[in-house]
S.K.: 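What follows is a structure written as structure tokens; I'll ask about it next.
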Amino acid sequence: MQIVLNGEKRETEAVTVAALLKELGLEGQPAAVERNAEVVKRKEHEATRLTDGDAIEVVTLVGGG
């Protein structure tokens, strides 16, 4: 399926937000996710299904000093 991830079209095999985070290598890391301009709470990542054309925003924390 095709989604728009952080403003760029992307093909994905992920069917849930949790699977997408795993596909991105972000499993278990702090990340804020929006699906079609609505925040997806962390506890809802497993249950939130992706559909073709979804607009997903993923924001992660970057450490540094």
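Please read these numbers as outputs of a predicted model, since none were measured by experiment.
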S.K.: Between the side chain of Asp52 and the main-chain N/O of Met1, is any donor-acceptor distance below 3.5 Å?
M.R.: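 No.
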S.K.: Does atom CD of Gln29 have more than 12 heavy-atom neighbours from other groups under 6.0 Å away?
M.R.: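 More than 12 within 6.0 Å, yes.
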S.K.: Just wondering, more than 12 heavy atoms not from Glu11 lying within 6.0 Å of its CD?
M.R.: yes
S.K.: Under the side-chain contact (heavy atoms from CB on, under 4.5 Å) test, which residues partner Ala14, sequence neighbours left out?
M.R.: Thr12, Ala19, Leu20, Glu23, Leu50
S.K.: Just so I know, are the side chains of Val4 and Ile56 near enough to count as touching, which here means a heavy-atom distance under 4.5 Å?
M.R.: no
S.K.: Just verifying a value: how many Å separate Thr16 OG1 and Lys22 NZ, rounded to the nearest 0.5 Å?
M.R.: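 Spacing of OG1 (Thr16) from NZ (Lys22) equals 10.0 Å.
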S.K.: Carefully, step by step, assess His45 and Val40 under the rule side-chain contact (heavy atoms from CB on, under 4.5 Å).
M.R.: CA-CA 7 Å; His45 287 182; Val40 179; 3.6 Å; yes
S.K.: Name all residues meeting the side-chain contact (heavy atoms from CB on, under 4.5 Å) criterion together with Glu46; count only those two or more places apart in sequence or in a different chain, and write none if there are none.
M.R.: Ala18
S.K.: Quick check against the 3.5 Å criterion: does Asn6 have a side-chain atom that pairs as donor or acceptor with the backbone of Val58?
M.R.: yes
S.K.: With a 4.5 Å cut-off on side-chain heavy atoms, are Leu24 and Leu5 touching?
M.R.: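 Result yes, sub-4.5 Å side-chain heavy-atom pair found.
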S.K.: Show, in sequence, the C-alpha distance, side-chain angles and deciding distance for Asn36 and Glu57, and conclude whether the side-chain contact (heavy atoms from CB on, under 4.5 Å) test is met.
M.R.: CA-CA 8 Å; Asn36 300 327; Glu57 297 290 330; over 6 Å; no
S.K.: Look at atom CZ of Arg42 and say whether more than 12 heavy atoms of other residues, nucleotides or ligands are closer to it than 6.0 Å.
M.R.: yes
S.K.: Can you check whether Ile3's main-chain N or O pairs, donor with acceptor, with Asp54's side chain at less than 3.5 Å?
M.R.: no
